[in-house]
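Below: one structure, written as structure tokens.
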Amino acid sequence: MAQNSAQSAHGATAQELNKVGRGRMRLGFIVMMVTLLVIAGRLVMVQGLDTGNMAQAAENQRMVVQTLPAVRGKIIDAKGNVLAESIVRYNITVSQINFKAYPEYKHGTTDPKTGKTTTVTYTSDEGLQQLADVLGLPVEDVKTAATGDKNFNYITKDVSPLVEKTVAELGIPGIYSEAVTKRVYPTGAVGGPIVGFVDSDGNPLAGIEQTMNDKLTGTDGTRTYQAGKNGIIIPTAPVRTVPAIDGQTVQLTIDKDLQYYAQQAAQQQKEEYSAQWASISVIEVATGRVIALADSDSYDPNNVGAADPANIGSRTVSSVVEPGSTSKIMTAAALVEEGLATPMSQYVVEPSYTIDGQTFTDAFEHGTEKRTLAGIIADSMNTGTVQAGSKLTPEQRYNYMRKFGVGEKTGIQLPGESPGILADWPTWDGRQQYTVLFGQGVAQTPLQTTMVFQTVANDGVRLKPTIVDSFTKADGTVDKLPQAPGVKVLSPKTAQDARDMLEGVVTMADYKVVGIPGYRTGGKTGTAEAPADNGVGFDGYTASFIGMAPMEDPQYVVGITVQRPQGDIYGVTQGYTFNQVMGQVLRSFDVPPSTTEPVKLPKFFE
């Protein structure tokens, strides 16, 4: 009985154990199934629903966005000659990690004649020697650049497309290139202050490069692709490309050849008289287009570091000087326009003239003379100019100067332009109210003074000078810059009378040096004191000549200014330079010679 009881107890234990075992198995199965369901659900979420954007995040980690730089637009002259352009250059780069991964590599070369490909195995050191030979660099320098754990490093910069092609043909693993653009100026110093320059980062710092930067600058594109850990593009992944839009071409109004000629003439004037600087501007009368804007000591934008900072901008638009006697034509024209005089009005001119306690004399000695207004202008008499001009009220004098553009910027598309200096007439003192009649006590840029003569030449209509002709977009669309409306300053009849008086400077004053064979010419000299740089007193003179041709229908105006010439100021003349520059302009544009006789107004009356 006891044995049976023991067996019964033992049997009960086995059953219980089996029951427990089966329960544990069911529990384990349930746990396993739940775990599998959780994993499966997570996989569905990741791969199907991707509510956490994990797949996108992984793709983003592989995504590379490469900038495709837009090419900066060209700057060209009126005939299409390139003054500034961006050329493609290359930087040779290395992935040190990828280069290190290939201590040996195979490279195949194909014989162009037979078409047979030969594969050669090179060591990485052999590859570096080949690369150094192509780049013309010491092999140790190349090895230093290629050794390390960087994924990107430069071997060298600014190599030609031919060198880059040769490097690529070496087939060295880990050696790459990146395209960059470099700004170059094919004409060098010709028009340097006009064109300007950009720095090494492409930032515009002067000239048209600066003022037209929004047109010259294009829109960069992008290339988006996926790359593996080694930086190599995944070939099966999509590549999305947004093309760059290159900058616009800016066409100027200047003529490269005439610009060069004028620059040479300005430099000659500076050197002949040991002057501080000289400038020459050439304006097309009917349009205000600037054909040449020349400064002495023009710099080469390819080598800005060698330039004097004082010569970076154009002095023709930035430097202010007293215009001197060139302003007398404004006084004469104002008198005629107001009906207060004609070219033949008569004045008894004494050796000196005193008004309101202020005494004025001339640059040459003379007795009491019976002069016409034309004769006063022909011989540039301060005494006669003040005597005649005093009929204008101070307010009228001021208003006419403002109409001619004195005291305000011309609006030419160049940086650093000065408005000049013209104080309001109520502030003039007892002497300044008269000196402004002959160009003292007022300051203008050489360009402003030249535009006064453009107004006279253009039947009394002052135009805005322009140096930009048009913009050409990357797709070939051309946007012509419209001509700004003119400002009527004088009637056509008054302008003609003023031109007759300017021609009298040549025909009456025996200033034959400005004569150009076959053409009628006219113009006016100017001499004024140059204020000292420290603002105290004067330390030199400004000499100028502004002229036009042909007088029966003026086509061009040439303005010449020489600052602080040394020696006898009355020995300084720009007549010969005017003759040379204007003659070159007339021939270049095939302006027909004059067919009428010059106007010869009398200087004296009986």
Side-chain angles (χ1 to χ4, degrees), residues 77-79 252-262 265 280-294 316 326 329 333 404-405 410 412 446-467 469 481 483-484 486-490 492-507 511 513-524 545-560 574-599:
D77 81 340
K79 294 179 180 177
L252 305 184
T253 60
I254 68 168
D255 181 287
K256 174 180 67 71
D257 296 330
L258 288 173
Q259 177 69 25
Y260 171 78
Y261 194 92
I280 298 176
S281 51
V282 181
I283 308 296
E284 188 175 63
V285 169
T287 63
R289 291 164 61 92
V290 178
I291 307 303
L293 198 72
T316 311
T326 57
I329 196 61
F404 273 105
T410 67
I412 191 170
L447 180 61
Q448 285 175 316
T449 305
T450 302
M451 294 309 294
V452 168
F453 284 70
Q454 177 276 327
T455 303
V456 172
N458 193 40
D459 281 340
V461 177
R462 174 169 60 90
L463 298 178
K464 172 185 175 181
T466 181
I467 204 165
D469 175 80
L481 199 67
Q483 180 175 314
V487 176
K488 183 178 180 182
V489 180
L490 307 170
K493 176 62 170 63
T494 298
Q496 181 62 62
D497 286 342
R499 292 196 296 270
D500 291 345
M501 287 186 276
L502 290 174
E503 191 168 18
V505 173
V506 178
T507 61
Y511 199 50
V513 70
V514 304
I516 301 173
Y519 294 92
R520 291 169 51 191
T521 60
K524 186 73 188 71
F545 181 85
I546 324 289
M548 61 189 70
M551 294 307 292
E552 70 275 15
D553 183 20
Q555 300 294 304
Y556 298 95
V557 171
V558 171
I560 304 169
Q574 292 80 48
Y576 178 76
T577 301
F578 170 83
N579 181 304
Q580 296 300 301
V581 174
M582 180 62 86
Q584 186 73 10
V585 171
L586 296 174
R587 289 188 294 271
S588 296
F589 290 104
D590 296 322
V591 177
S594 299
T595 57
T596 56
E597 292 297 315
V599 173

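Position 1 is the first residue of the sequence; numbering continues from there.
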The side-chain hydrogen bond (donor to acceptor under 3.5 Å, both in side chains) partners of T410 (sequence neighbours excluded) come to E417
- Side chain to side chain, Q454 and I283, heavy atoms closer than 4.5 Å: yes
Quick note, salt bridge (Lys or Arg N to Asp or Glu O under 4.0 Å) partners involving residues 452-463, not counting sequence neighbours, are E408-R462, D459-R499
On a heavy-atom basis, the closest approach of A292 and Q259 is CA-OE1, 3.3 Å
Q. Does the side chain of T326 reach to within under 4.5 Å of the side chain of V452, using non-hydrogen atoms?
A. no
Rounded to the nearest 0.5 angstrom, the CE-CZ distance for M582 and R587 is 11.5 Å
Residue set satisfying side-chain hydrogen bond (donor to acceptor under 3.5 Å, both in side chains) with T595, at least two apart, ordered chain then number -> none
The complete set of salt bridge (Lys or Arg N to Asp or Glu O under 4.0 Å) pairs with one or both residues in residues 281-290, sequence neighbours excluded, reads E284-R289, R289-D469
Sorted by chain and residue number, the ring-ring contact (aromatic ring centres under 6.0 Å, His included) partners of F453 (sequence neighbours excluded) come out as none
Contacts of A457 meeting side chain to side chain contact (heavy atoms under 4.5 Å, CB included) (sequence neighbours excluded), chain-then-number -> V285, M548, P554, V557
Between the OG1 atom in T466 and the CG atom in L481, the distance rounded to the nearest 0.5 Å is 5.0 Å
- Query: Do N579 side-chain atoms and G515 backbone N/O form a donor-acceptor pair below 3.5 Å?
  - Reply: yes
Sequence neighbours excluded, the answer for side chain to side chain contact (heavy atoms under 4.5 Å, CB included) partners of T316 is S279, S281, L293, D295, S314, P446, L447
CD1 of I546 to CD1 of I560, rounded to nearest 0.5 Å, is 7.5 Å
CD1 (I291) and CG (L252) are apart, to the nearest 0.5 Å, by 11.0 Å
Residues at least two apart in sequence or cross-chain that pass side-chain hydrogen bond (donor to acceptor under 3.5 Å, both in side chains) with D553, listed by chain then number, are Q555
- Query: Would you call V282 and L258 a side-chain contact if the rule is heavy atoms closer than 4.5 Å?
  - Reply: no
For Y556, the ring-ring contact (aromatic ring centres under 6.0 Å, His included) test, sequence neighbours excluded, returns F589
Sequence neighbours excluded, the answer for side chain to side chain contact (heavy atoms under 4.5 Å, CB included) partners of V599 is D500, E503, R520, L601
Residue set satisfying side-chain hydrogen bond (donor to acceptor under 3.5 Å, both in side chains) with D497, at least two apart, ordered chain then number -> K493
Tightest non-hydrogen contact, residues L463 and G288, listed as CD1-N, 3.7 Å
By side chain to side chain contact (heavy atoms under 4.5 Å, CB included), Y519 pairs with (sequence neighbours left out) I516, P550, L586, V591, P593, S594
All heavy atoms of K524 vs all of V505, minimum pair found to be CD-CG2, 4.2 Å
Heavy atoms of T507 and P598 approach each other most closely as CG2-CB, 3.8 Å
Closest non-hydrogen contact found for G486 with V461 is CA-CG1, 3.8 Å
Taken to the nearest 0.5 Å, the spacing of T449 OG1 from I329 CD1 works out to 13.5 Å
